[in-house]
Protein chains: 2
Amino acid sequence: MSAELVAFFKALADSNRLKIVGLLAQQTYSVEQLAALLNLRPSTVSHHLARLSEVGLVSARADSYYNVYQLEEAALRKTNLLFSQEDLASMINDVDLDAYDRQVVGNFTNPDGTLKSLPAQRKKLEAVLHYVITAFKPGKHYNEEQVNKILVRYYDDTASLRRELVGFKLLQRDSRGGEYWRAAEVDNLGDIE
Amino acid sequence: MSAELVAFFKALADSNRLKIVGLLAQQTYSVEQLAALLNLRPSTVSHHLARLSEVGLVSARADSYYNVYQLEEAALRKTNLLFSQEDLASMINDVDLDAYDRQVVGNFTNPDGTLKSLPAQRKKLEAVLHYVITAFKPGKHYNEEQVNKILVRYYDDTASLRRELVGFKLLQRDSRGGEYWRAAEVDNLGDIE
DNA sequence: GAATTATTTCGATGATCATCGAATTGATTC
DNA sequence: GAATCAATTCGATGATCATCGAAATAATTC
(Lines give C-alpha, C1' and ligand atoms only; values in the text may rest on other atoms or scores of the structure.)
Protein backbone atom coordinates (compact mmCIF):
# COMPACT_ATOMS: atom_id res chain seq x y z
CA MET A 1 0.00 0.00 0.00
CA SER A 2 1.02 3.56 -0.58
CA ALA A 3 -0.60 5.10 2.47
CA GLU A 4 2.80 6.06 3.83
CA LEU A 5 3.82 7.60 0.54
CA VAL A 6 0.65 9.62 0.20
CA ALA A 7 1.08 10.88 3.76
CA PHE A 8 4.58 11.98 2.90
CA PHE A 9 3.40 14.02 -0.07
CA LYS A 10 0.46 15.41 1.85
CA ALA A 11 2.88 16.61 4.51
CA LEU A 12 4.78 18.61 1.91
CA ALA A 13 1.72 19.74 -0.05
CA ASP A 14 1.25 22.95 1.88
CA SER A 15 2.95 26.25 1.35
CA ASN A 16 3.59 26.99 5.01
CA ARG A 17 4.88 23.53 5.76
CA LEU A 18 7.34 23.84 2.89
CA LYS A 19 8.52 27.12 4.37
CA ILE A 20 9.00 25.43 7.73
CA VAL A 21 11.15 22.79 6.07
CA GLY A 22 13.14 25.49 4.34
CA LEU A 23 13.66 27.39 7.57
CA LEU A 24 14.62 24.32 9.57
CA ALA A 25 17.11 23.42 6.87
CA GLN A 26 19.16 26.41 7.98
CA GLN A 27 18.83 26.28 11.75
CA THR A 28 16.58 25.04 14.52
CA TYR A 29 13.56 27.08 15.55
CA SER A 30 11.01 27.11 18.35
CA VAL A 31 7.29 27.08 17.64
CA GLU A 32 7.04 30.69 18.73
CA GLN A 33 9.76 31.80 16.36
CA LEU A 34 8.26 29.99 13.41
CA ALA A 35 4.87 31.49 14.18
CA ALA A 36 6.34 34.99 14.07
CA LEU A 37 8.28 34.32 10.86
CA LEU A 38 5.28 32.83 9.06
CA ASN A 39 2.75 35.21 10.55
CA LEU A 40 0.67 32.35 11.94
CA ARG A 41 -0.67 31.54 15.42
CA PRO A 42 1.44 29.16 17.45
CA SER A 43 -1.38 26.62 17.51
CA THR A 44 -1.37 26.52 13.72
CA VAL A 45 2.38 26.05 13.58
CA SER A 46 2.14 23.32 16.17
CA HIS A 47 -0.37 21.57 13.96
CA HIS A 48 1.93 21.82 10.94
CA LEU A 49 4.89 20.53 12.91
CA ALA A 50 2.81 17.60 14.08
CA ARG A 51 2.04 16.66 10.50
CA LEU A 52 5.68 16.94 9.48
CA SER A 53 6.70 14.95 12.51
CA GLU A 54 4.23 12.16 11.71
CA VAL A 55 6.16 11.36 8.54
CA GLY A 56 9.52 11.75 10.22
CA LEU A 57 10.55 14.98 8.50
CA VAL A 58 11.14 16.92 11.71
CA SER A 59 11.70 16.13 15.36
CA ALA A 60 11.49 18.12 18.57
CA ARG A 61 13.93 18.63 21.42
CA ALA A 62 12.75 20.11 24.70
CA ASP A 63 14.84 23.00 25.95
CA SER A 64 13.64 24.94 28.96
CA TYR A 65 10.02 25.44 28.12
CA TYR A 66 10.66 25.65 24.44
CA ASN A 67 10.23 22.88 21.95
CA VAL A 68 13.05 23.31 19.53
CA TYR A 69 12.36 21.63 16.20
CA GLN A 70 14.96 20.35 13.80
CA LEU A 71 14.91 18.89 10.33
CA GLU A 72 15.49 15.17 9.93
CA GLU A 73 17.92 15.25 7.06
CA ALA A 74 17.78 11.49 6.72
CA ALA A 75 14.10 11.71 5.79
CA LEU A 76 14.90 14.31 3.17
CA ARG A 77 17.57 12.17 1.64
CA LYS A 78 15.01 9.41 1.35
CA THR A 79 13.27 11.64 -1.15
CA ASN A 80 16.22 11.36 -3.48
CA LEU A 81 15.67 7.63 -3.74
CA LEU A 82 11.98 8.15 -4.38
CA PHE A 83 10.39 6.87 -7.56
CA SER A 84 12.62 3.90 -7.88
CA GLN A 85 11.09 0.95 -9.69
CA GLU A 86 9.81 -0.51 -6.44
CA ASP A 87 8.20 2.73 -5.34
CA LEU A 88 6.30 3.00 -8.57
CA ALA A 89 5.26 -0.63 -8.30
CA SER A 90 4.10 -0.16 -4.72
CA MET A 91 1.66 2.51 -5.81
CA ILE A 92 -0.48 -0.01 -7.65
CA ASN A 93 -0.26 -2.84 -5.18
CA ASP A 94 -3.95 -2.73 -4.47
CA VAL A 95 -5.12 -1.95 -8.00
CA ASP A 96 -7.09 -4.68 -9.71
CA LEU A 97 -5.42 -4.79 -13.09
CA ASP A 98 -8.17 -6.91 -14.65
CA ALA A 99 -10.98 -4.55 -13.66
CA TYR A 100 -11.10 -2.94 -17.09
CA ASP A 101 -11.40 -6.23 -18.97
CA ARG A 102 -14.06 -7.42 -16.55
CA GLN A 103 -16.04 -4.24 -17.05
CA VAL A 104 -15.86 -4.61 -20.82
CA VAL A 105 -16.96 -8.23 -20.69
CA GLY A 106 -19.78 -7.27 -18.36
CA ASN A 107 -20.93 -4.60 -20.76
CA PHE A 108 -21.06 -6.99 -23.71
CA THR A 109 -22.57 -10.08 -22.12
CA ASN A 110 -26.14 -10.95 -21.21
CA PRO A 111 -26.96 -12.25 -17.75
CA ASP A 112 -26.74 -15.83 -19.08
CA GLY A 113 -23.16 -15.25 -20.25
CA THR A 114 -23.88 -15.03 -23.98
CA LEU A 115 -22.51 -12.12 -25.98
CA LYS A 116 -24.78 -9.22 -26.94
CA SER A 117 -22.48 -8.39 -29.84
CA LEU A 118 -18.85 -8.35 -30.86
CA PRO A 119 -17.21 -5.04 -29.81
CA ALA A 120 -16.03 -2.98 -32.74
CA GLN A 121 -13.16 -1.50 -30.80
CA ARG A 122 -9.96 -3.41 -30.74
CA LYS A 123 -9.13 -3.44 -27.05
CA LYS A 124 -12.69 -4.25 -26.06
CA LEU A 125 -12.94 -7.03 -28.61
CA GLU A 126 -9.72 -8.38 -27.20
CA ALA A 127 -11.13 -8.40 -23.69
CA VAL A 128 -14.22 -10.29 -24.85
CA LEU A 129 -12.18 -12.80 -26.83
CA HIS A 130 -10.03 -13.50 -23.79
CA TYR A 131 -13.23 -14.23 -21.96
CA VAL A 132 -14.43 -16.67 -24.63
CA ILE A 133 -11.14 -18.48 -25.04
CA THR A 134 -11.29 -19.73 -21.46
CA ALA A 135 -13.90 -22.25 -22.64
CA PHE A 136 -11.12 -24.13 -24.44
CA LYS A 137 -8.84 -26.43 -22.48
CA PRO A 138 -5.15 -25.67 -22.97
CA GLY A 139 -3.40 -28.43 -24.88
CA LYS A 140 -6.57 -30.10 -26.12
CA HIS A 141 -7.27 -30.32 -29.87
CA TYR A 142 -10.70 -29.69 -31.37
CA ASN A 143 -12.16 -30.25 -34.83
CA GLU A 144 -14.31 -27.55 -36.42
CA GLU A 145 -17.57 -29.09 -35.30
CA GLN A 146 -16.43 -29.18 -31.67
CA VAL A 147 -15.23 -25.60 -31.88
CA ASN A 148 -18.57 -24.38 -33.16
CA LYS A 149 -20.41 -26.30 -30.48
CA ILE A 150 -18.48 -24.36 -27.86
CA LEU A 151 -18.71 -20.99 -29.59
CA VAL A 152 -22.47 -21.15 -30.12
CA ARG A 153 -22.89 -21.07 -26.35
CA TYR A 154 -21.56 -17.50 -26.57
CA TYR A 155 -22.66 -16.12 -29.91
CA ASP A 156 -24.79 -17.16 -32.87
CA ASP A 157 -22.36 -15.98 -35.50
CA THR A 158 -19.79 -18.65 -34.74
CA ALA A 159 -17.92 -17.98 -37.98
CA SER A 160 -17.15 -14.39 -37.05
CA LEU A 161 -16.26 -15.29 -33.52
CA ARG A 162 -13.93 -18.07 -34.65
CA ARG A 163 -12.30 -15.81 -37.21
CA GLU A 164 -11.56 -13.14 -34.59
CA LEU A 165 -10.17 -15.69 -32.14
CA VAL A 166 -7.81 -16.92 -34.83
CA GLY A 167 -7.00 -13.39 -35.93
CA PHE A 168 -5.99 -12.39 -32.41
CA LYS A 169 -3.95 -15.59 -32.17
CA LEU A 170 -5.93 -16.89 -29.24
CA LEU A 171 -6.98 -19.92 -31.24
CA GLN A 172 -4.44 -21.74 -33.39
CA ARG A 173 -5.34 -23.71 -36.51
CA ASP A 174 -3.65 -26.56 -38.29
CA SER A 175 -4.36 -25.64 -41.92
CA ARG A 176 -4.15 -29.28 -43.15
CA GLY A 177 -6.14 -31.26 -40.65
CA GLY A 178 -8.66 -28.58 -39.81
CA GLU A 179 -7.73 -28.86 -36.15
CA TYR A 180 -7.87 -26.07 -33.59
CA TRP A 181 -6.29 -25.59 -30.16
CA ARG A 182 -5.99 -22.85 -27.61
CA ALA A 183 -2.81 -20.83 -27.98
CA ALA A 184 -0.32 -20.69 -25.12
CA GLU A 185 -0.89 -17.82 -22.67
CA VAL A 186 1.01 -14.66 -23.42
CA ASP A 187 1.19 -12.08 -20.68
CA ASN A 188 -0.80 -9.47 -22.48
CA LEU A 189 -0.64 -6.06 -20.89
CA GLY A 190 -3.43 -4.65 -23.03
CA ASP A 191 -1.33 -1.85 -24.41
CA ILE A 192 -2.87 0.65 -26.75
CA GLU A 193 -1.08 1.49 -29.90
CA MET B 1 8.70 31.44 -4.74
CA SER B 2 7.70 27.87 -4.09
CA ALA B 3 4.29 27.91 -5.75
CA GLU B 4 5.51 25.51 -8.36
CA LEU B 5 6.96 23.21 -5.76
CA VAL B 6 3.81 23.18 -3.68
CA ALA B 7 1.76 22.41 -6.79
CA PHE B 8 4.05 19.50 -7.53
CA PHE B 9 3.55 17.99 -4.09
CA LYS B 10 -0.18 18.68 -4.17
CA ALA B 11 -0.37 16.79 -7.43
CA LEU B 12 1.13 13.73 -5.77
CA ALA B 13 -0.70 14.13 -2.47
CA ASP B 14 -3.64 12.00 -3.47
CA SER B 15 -3.99 8.27 -3.34
CA ASN B 16 -5.64 7.85 -6.72
CA ARG B 17 -3.21 10.16 -8.48
CA LEU B 18 -0.30 8.17 -7.09
CA LYS B 19 -1.93 5.03 -8.46
CA ILE B 20 -2.26 6.68 -11.85
CA VAL B 21 1.44 7.50 -11.81
CA GLY B 22 2.21 3.92 -10.84
CA LEU B 23 0.05 2.56 -13.63
CA LEU B 24 1.43 4.90 -16.26
CA ALA B 25 4.93 3.92 -15.20
CA GLN B 26 4.25 0.50 -16.70
CA GLN B 27 2.29 1.35 -19.85
CA THR B 28 0.10 4.00 -21.39
CA TYR B 29 -3.61 4.08 -20.59
CA SER B 30 -6.73 5.81 -21.83
CA VAL B 31 -9.00 7.72 -19.47
CA GLU B 32 -11.61 5.02 -19.77
CA GLN B 33 -9.19 2.29 -18.83
CA LEU B 34 -7.88 4.15 -15.82
CA ALA B 35 -11.43 4.81 -14.68
CA ALA B 36 -12.20 1.10 -14.76
CA LEU B 37 -8.98 0.15 -12.99
CA LEU B 38 -9.46 2.69 -10.21
CA ASN B 39 -13.21 2.27 -9.97
CA LEU B 40 -13.81 5.97 -10.63
CA ARG B 41 -15.93 7.86 -13.14
CA PRO B 42 -14.12 9.07 -16.26
CA SER B 43 -14.80 12.68 -15.32
CA THR B 44 -12.96 12.19 -12.04
CA VAL B 45 -9.99 10.57 -13.75
CA SER B 46 -9.93 13.36 -16.27
CA HIS B 47 -9.72 15.83 -13.41
CA HIS B 48 -6.81 13.94 -11.84
CA LEU B 49 -4.97 13.73 -15.13
CA ALA B 50 -5.41 17.46 -15.60
CA ARG B 51 -3.77 18.10 -12.24
CA LEU B 52 -0.89 15.78 -13.04
CA SER B 53 -0.54 17.35 -16.43
CA GLU B 54 -0.39 20.87 -14.98
CA VAL B 55 2.87 20.03 -13.24
CA GLY B 56 4.23 18.16 -16.22
CA LEU B 57 4.04 14.69 -14.75
CA VAL B 58 1.92 13.23 -17.54
CA SER B 59 1.04 14.13 -21.11
CA ALA B 60 -1.68 13.07 -23.52
CA ARG B 61 -1.56 11.79 -27.05
CA ALA B 62 -4.71 11.71 -29.16
CA ASP B 63 -5.39 8.37 -30.83
CA SER B 64 -8.66 7.90 -32.65
CA TYR B 65 -11.10 9.28 -30.15
CA TYR B 66 -9.04 8.18 -27.19
CA ASN B 67 -6.70 10.31 -25.19
CA VAL B 68 -3.82 8.09 -24.34
CA TYR B 69 -1.83 9.33 -21.37
CA GLN B 70 1.80 8.64 -20.67
CA LEU B 71 4.16 9.38 -17.82
CA GLU B 72 6.76 12.10 -18.30
CA GLU B 73 9.76 10.31 -16.92
CA ALA B 74 11.84 13.47 -17.08
CA ALA B 75 9.57 15.11 -14.52
CA LEU B 76 9.95 12.13 -12.24
CA ARG B 77 13.70 12.26 -12.44
CA LYS B 78 13.51 15.90 -11.41
CA THR B 79 12.26 14.60 -8.07
CA ASN B 80 15.58 12.89 -7.49
CA LEU B 81 17.32 16.24 -7.55
CA LEU B 82 14.75 17.69 -5.21
CA PHE B 83 15.80 19.14 -1.89
CA SER B 84 19.11 20.35 -3.08
CA GLN B 85 20.46 23.35 -1.26
CA GLU B 86 18.82 25.74 -3.71
CA ASP B 87 15.44 24.09 -3.43
CA LEU B 88 15.46 24.40 0.32
CA ALA B 89 16.54 28.01 0.03
CA SER B 90 13.81 28.77 -2.47
CA MET B 91 11.17 27.69 0.00
CA ILE B 92 11.85 30.65 2.24
CA ASN B 93 12.37 33.26 -0.43
CA ASP B 94 9.38 35.25 0.69
CA VAL B 95 9.78 34.71 4.42
CA ASP B 96 10.65 37.81 6.43
CA LEU B 97 13.47 36.52 8.57
CA ASP B 98 13.38 39.52 10.91
CA ALA B 99 9.69 39.20 11.71
CA TYR B 100 10.35 37.42 14.98
CA ASP B 101 12.75 40.04 16.27
CA ARG B 102 10.40 42.80 15.24
CA GLN B 103 7.55 41.16 17.08
CA VAL B 104 9.64 40.81 20.22
CA VAL B 105 10.74 44.44 20.07
CA GLY B 106 7.14 45.47 19.53
CA ASN B 107 6.04 43.51 22.56
CA PHE B 108 8.62 45.14 24.80
CA THR B 109 8.45 48.75 23.67
CA ASN B 110 5.97 51.49 24.44
CA PRO B 111 4.45 53.55 21.64
CA ASP B 112 7.14 56.19 22.17
CA GLY B 113 9.91 53.65 21.58
CA THR B 114 11.04 53.30 25.20
CA LEU B 115 11.40 49.84 26.73
CA LYS B 116 8.72 48.50 29.05
CA SER B 117 11.26 46.17 30.63
CA LEU B 118 14.26 44.05 29.78
CA PRO B 119 13.14 40.58 28.61
CA ALA B 120 14.27 37.78 30.90
CA GLN B 121 14.58 35.30 28.08
CA ARG B 122 17.83 35.21 26.27
CA LYS B 123 16.70 35.33 22.67
CA LYS B 124 14.15 38.05 23.35
CA LEU B 125 16.65 40.12 25.26
CA GLU B 126 18.98 39.76 22.31
CA ALA B 127 16.33 41.05 19.93
CA VAL B 128 15.70 44.09 22.11
CA LEU B 129 19.41 44.80 22.47
CA HIS B 130 19.86 44.69 18.72
CA TYR B 131 17.12 47.27 18.54
CA VAL B 132 18.85 49.55 21.05
CA ILE B 133 22.32 49.25 19.58
CA THR B 134 21.18 50.90 16.36
CA ALA B 135 21.25 54.22 18.24
CA PHE B 136 25.05 54.05 18.21
CA LYS B 137 26.95 55.01 15.09
CA PRO B 138 29.38 52.36 13.90
CA GLY B 139 32.98 53.48 14.32
CA LYS B 140 32.21 56.36 16.66
CA HIS B 141 33.60 56.34 20.21
CA TYR B 142 31.56 57.44 23.23
CA ASN B 143 32.48 58.15 26.85
CA GLU B 144 30.30 56.81 29.64
CA GLU B 145 28.29 60.00 29.97
CA GLN B 146 27.43 60.00 26.27
CA VAL B 147 26.47 56.34 26.42
CA ASN B 148 24.09 56.93 29.29
CA LYS B 149 22.53 59.90 27.56
CA ILE B 150 21.61 57.64 24.64
CA LEU B 151 20.49 54.71 26.75
CA VAL B 152 18.19 56.76 28.95
CA ARG B 153 16.08 57.46 25.89
CA TYR B 154 15.21 53.74 25.97
CA TYR B 155 15.29 52.68 29.60
CA ASP B 156 15.73 54.26 33.03
CA ASP B 157 18.07 51.61 34.37
CA THR B 158 20.94 52.55 32.09
CA ALA B 159 23.43 50.54 34.11
CA SER B 160 21.61 47.27 33.49
CA LEU B 161 21.04 48.07 29.83
CA ARG B 162 24.70 48.97 29.32
CA ARG B 163 25.85 45.84 31.11
CA GLU B 164 23.70 43.63 28.88
CA LEU B 165 24.88 45.36 25.72
CA VAL B 166 28.46 44.75 26.75
CA GLY B 167 27.68 41.19 27.84
CA PHE B 168 26.21 40.37 24.46
CA LYS B 169 29.22 41.96 22.80
CA LEU B 170 27.12 44.54 21.01
CA LEU B 171 28.94 47.35 22.81
CA GLN B 172 32.71 47.20 23.20
CA ARG B 173 34.62 48.85 26.03
CA ASP B 174 38.17 50.07 26.35
CA SER B 175 38.93 49.13 29.98
CA ARG B 176 41.59 51.88 30.38
CA GLY B 177 40.04 54.94 28.88
CA GLY B 178 36.44 54.20 29.77
CA GLU B 179 35.47 54.46 26.10
CA TYR B 180 32.66 52.58 24.35
CA TRP B 181 31.90 51.86 20.70
CA ARG B 182 29.46 49.78 18.76
CA ALA B 183 30.81 46.36 17.83
CA ALA B 184 31.15 45.35 14.21
CA GLU B 185 28.09 43.61 12.77
CA VAL B 186 28.11 39.85 12.99
CA ASP B 187 25.60 37.99 10.92
CA ASN B 188 23.59 36.67 13.80
CA LEU B 189 21.15 33.95 12.89
CA GLY B 190 19.46 33.95 16.28
CA ASP B 191 20.15 30.30 16.92
CA ILE B 192 18.84 28.69 20.06
CA GLU B 193 21.16 26.56 22.12
C1' DG C 1 3.18 26.61 45.56
C1' DA C 2 1.84 30.62 42.73
C1' DA C 3 2.60 32.93 38.65
C1' DT C 4 4.47 32.98 34.12
C1' DT C 5 5.52 31.06 29.58
C1' DA C 6 5.47 27.97 25.55
C1' DT C 7 3.22 24.33 23.65
C1' DT C 8 -0.42 21.33 22.65
C1' DT C 9 -5.21 19.99 22.32
C1' DC C 10 -9.93 20.93 21.21
C1' DG C 11 -13.91 22.78 18.74
C1' DA C 12 -15.45 25.67 15.25
C1' DT C 13 -15.24 27.83 10.75
C1' DG C 14 -14.20 28.70 6.12
C1' DA C 15 -11.68 27.20 2.08
C1' DT C 16 -10.09 23.68 -0.78
C1' DC C 17 -10.84 19.68 -3.23
C1' DA C 18 -12.24 14.74 -4.67
C1' DT C 19 -16.10 12.86 -6.62
C1' DC C 20 -20.17 12.45 -9.15
C1' DG C 21 -23.80 13.17 -12.87
C1' DA C 22 -25.24 16.00 -16.57
C1' DA C 23 -24.21 18.65 -20.39
C1' DT C 24 -20.89 19.89 -23.90
C1' DT C 25 -17.13 19.29 -27.00
C1' DG C 26 -14.37 16.88 -30.37
C1' DA C 27 -13.48 13.28 -33.18
C1' DT C 28 -14.78 9.04 -35.82
C1' DT C 29 -17.65 6.00 -38.37
C1' DC C 30 -21.23 4.75 -41.50
C1' DG D 1 -24.52 14.71 -42.26
C1' DA D 2 -26.28 11.67 -38.56
C1' DA D 3 -25.07 8.70 -35.08
C1' DT D 4 -21.71 7.13 -31.90
C1' DC D 5 -18.15 7.36 -28.57
C1' DA D 6 -14.50 9.21 -25.46
C1' DA D 7 -13.08 13.07 -23.12
C1' DT D 8 -13.74 17.31 -20.96
C1' DT D 9 -16.23 20.92 -18.61
C1' DC D 10 -19.57 22.47 -15.33
C1' DG D 11 -22.24 22.65 -11.04
C1' DA D 12 -23.22 20.53 -6.85
C1' DT D 13 -22.07 17.94 -2.73
C1' DG D 14 -19.60 15.99 0.93
C1' DA D 15 -15.12 15.34 3.04
C1' DT D 16 -10.79 17.01 4.26
C1' DC D 17 -8.02 20.38 6.16
C1' DA D 18 -5.70 25.04 7.32
C1' DT D 19 -6.50 28.38 10.54
C1' DC D 20 -7.94 30.50 14.63
C1' DG D 21 -9.17 31.30 19.65
C1' DA D 22 -9.87 29.20 23.94
C1' DA D 23 -8.81 25.85 27.14
C1' DA D 24 -5.72 22.45 28.93
C1' DT D 25 -0.74 20.82 29.67
C1' DA D 26 3.83 21.12 30.86
C1' DA D 27 7.72 23.29 32.37
C1' DT D 28 10.15 27.11 34.66
C1' DT D 29 10.88 30.88 37.75
C1' DC D 30 10.39 33.37 41.97
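Bear in mind that the values here come from a model prediction, so they are computed numbers and not experimental data.
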Answer yes or no: is there a side-chain heavy-atom contact under 4.5 Å between [X] and [Y]?
| X | Y | answer |
| --- | --- | --- |
| B:Val58 | B:Glu72 | no |
| A:Leu118 | A:Ser160 | yes |
| B:Arg51 | B:His47 | yes |
| B:Tyr154 | B:Val128 | no |
| B:Gln172 | B:Tyr180 | no |

| How long is the span from the CG atom in A:Asp98 to the NE2 atom in A:His130, to the nearest 0.5 Å? |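 Going from CG on A:Asp98 over to NE2 on A:His130, the span is 10.0 Å.
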#### Entry: Value rounded to 0.5 Å, distance of CD1 in B:Ile133 from CG in B:Leu165
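CG of B:Leu165 is found 5.0 Å from CD1 of B:Ile133.
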Send over the distance from [X] [atom1] to [N] [atom2], rounded to a whole Å.
| X | N | atom1 | atom2 | value |
| --- | --- | --- | --- | --- |
| B:Leu38 | C:dA18 | CG | P | 14 Å |
| A:Leu34 | C:dT8 | CG | P | 11 Å |
| B:Tyr65 | C:dC30 | OH | C1' | 11 Å |
| A:Asn67 | C:dT9 | CG | P | 10 Å |
| B:Leu40 | D:dA6 | CG | P | 17 Å |
| B:His48 | D:dT9 | NE2 | P | 15 Å |
| B:Asp63 | D:dA7 | CG | C1' | 14 Å |
| A:Arg17 | D:dT19 | CZ | C1' | 12 Å |

Among the nucleotides [options], which one has an atom lying closest to any side-chain atom of [X]?
| X | options | answer |
| --- | --- | --- |
| A:Ser46 | C:dT8, D:dC20, D:dA7 | C:dT8 |
| B:Tyr69 | C:dT8, D:dC17, D:dT8 | D:dT8 |
| B:Lys10 | D:dA6, C:dC17, C:dT7 | C:dC17 |
| B:Ser64 | D:dT19, C:dA18, C:dT28 | C:dT28 |
| A:Asp14 | D:dT19, D:dA7, C:dA6 | D:dT19 |
| B:Thr44 | D:dT19, C:dC20, D:dG21 | C:dC20 |

Ring-plane angle category for B:Trp181 and B:His141, please: parallel below 30°, perpendicular beyond 60°, tilted otherwise.
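Aromatic pair B:Trp181/B:His141 classed parallel.
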Within the 4.0 Å heavy-atom criterion, would you say A:His47 contacts the bases, only the backbone, or no part of the nucleic acid?
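Answer is base: heavy atoms of A:His47 come under 4.0 Å of a base.
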Q. When we call it a touch if two heavy atoms are under 4.0 Å apart, what does A:Ser43 touch: a base, just sugar-phosphate, or nothing?
A.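 Base contact.
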Can you tell me if the side-chain N/O atoms of B:Gln121 get under 4.0 Å from OP1 or OP2 in D:dT29?
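No, B:Gln121 has no side-chain N/O under 4.0 Å of OP1/OP2 on D:dT29.
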| task | Indicate whether OP1 or OP2 belonging to C:dT19 is found under 4.0 Å from a side-chain N or O atom of B:Asn39. | result |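 The answer is no; no side-chain N or O of B:Asn39 sits under 4.0 Å from OP1 or OP2.
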Practice problem: Take B:Leu49 and A:Asn16, find for each the nucleotide of DNA chain D with the closest heavy atom, and name the residue whose nucleotide sits nearer the 5' end. | Solution: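 Counting from the 5' end, the first nearest nucleotide belongs to B:Leu49.
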| query | Can you list, by residue number, the residues of residues 50-60 of chain A that have a non-hydrogen atom closer than 4.0 angstrom to DNA chain C? | reply |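 Heavy-atom contacts with DNA chain C come from no residue of residues 50-60 of chain A; none.
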